[in-house]
S.K.: 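Right, I'll just put the structure down here and ask away after.
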Amino acid sequence: MIFRQLFDHQSSTYTYLISSGKGREALIIDPVIENVKNYINLLKELNLKLVKVIDTHIHADHVTGASKLKNITNCSTIMGEHSPAETVEIKVKDDELINLDNLKIKAMYTPGHTSDSYSFLMNNYLFSGDTLLINGTGRTDFQNGNAKDSYNSIFNKLLKLPEETLLYPAHDYKGEKVSTIGKEKKHNPRLQVSSVDEYIDIMNNLNLKKPVKIESNVSKNIKLGA
Ligand code: FE
């Protein structure tokens, strides 16, 4: 398997490139439009054919490179079935499997950060989007975000995965690259709550600034960045 974790410094976004092996099919999760050229160069360098691109949700802080990648490589675009993006070609359901040669990637509906948030599980690699972050959880104060849904997605779904599952989030602001479900259960401050109400209270009092350009990013991302 080929696996690359790529970082966008502007938005602190992690983009992931996965492939079964040299000369074979590749998939990209959460591409950033400004970095599409780099992805194309990397695909060439690794001798891979991009066949699928996934957005975990409609992002507010950057514009997706999905459409641009599709125009260049003719790959398929994928999001979860709750996505408001009409031009997405494949809308996957909760528990649905995405094939990439011999690799299988399972879609998991994990709303909360947004109502269209999905996580993706490939073997013991969990791509959690902004649902579960390292030492944090995705804010729930816009795009139909909901703290109770976030709690349910995290506690009743993601944290039920084996403790050794590797956590690869869509963002990190402190230079962390990977964690595990076990580590987050023990050390993630947001997860040390004793009730759903306590979690909701934390999430409703974060007082975060709105992302810059949220309106224009969201409206562009609904068209997959086209
Ligand atoms: Fe997000």
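Start at 1 and go down the list; that is how both ligands and their atoms are numbered.
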S.K.: Would you say the side chains of Asp8 and His62 form a donor-acceptor pair under 3.5 Å?
M.R.: no

S.K.: When you measure from the Fe ion (ligand 1) to the N, O or S atoms of His57, does any of those distances fall below 2.8 Å?
M.R.: yes

S.K.: What atom name does the N, O or S atom of His113 nearest to the Fe ion (ligand 1) carry?
M.R.: NE2

S.K.: Compare every heavy atom of Met108 with every heavy atom of Asp94, then report the nearest pair and how far apart it is.
M.R.: OD1-CA, 3.5 Å

S.K.: Can an N, O or S atom be found in Asp61 less than 2.8 Å away from the Fe ion (ligand 1)?
M.R.: no

S.K.: As a test of reading the structure, name the N/O/S atom of Asp130 that is nearest the Fe ion (ligand 1).
M.R.: OD2

S.K.: Does the plane of the ring in His9 sit parallel, tilted or perpendicular to the ring in Phe7? Use 30° and 60° as the thresholds.
M.R.: perpendicular

S.K.: Quiz question: by atom type and distance under 3.5 Å, do the side chains of Asn156 and Asn152 form a donor-acceptor pair?
M.R.: yes

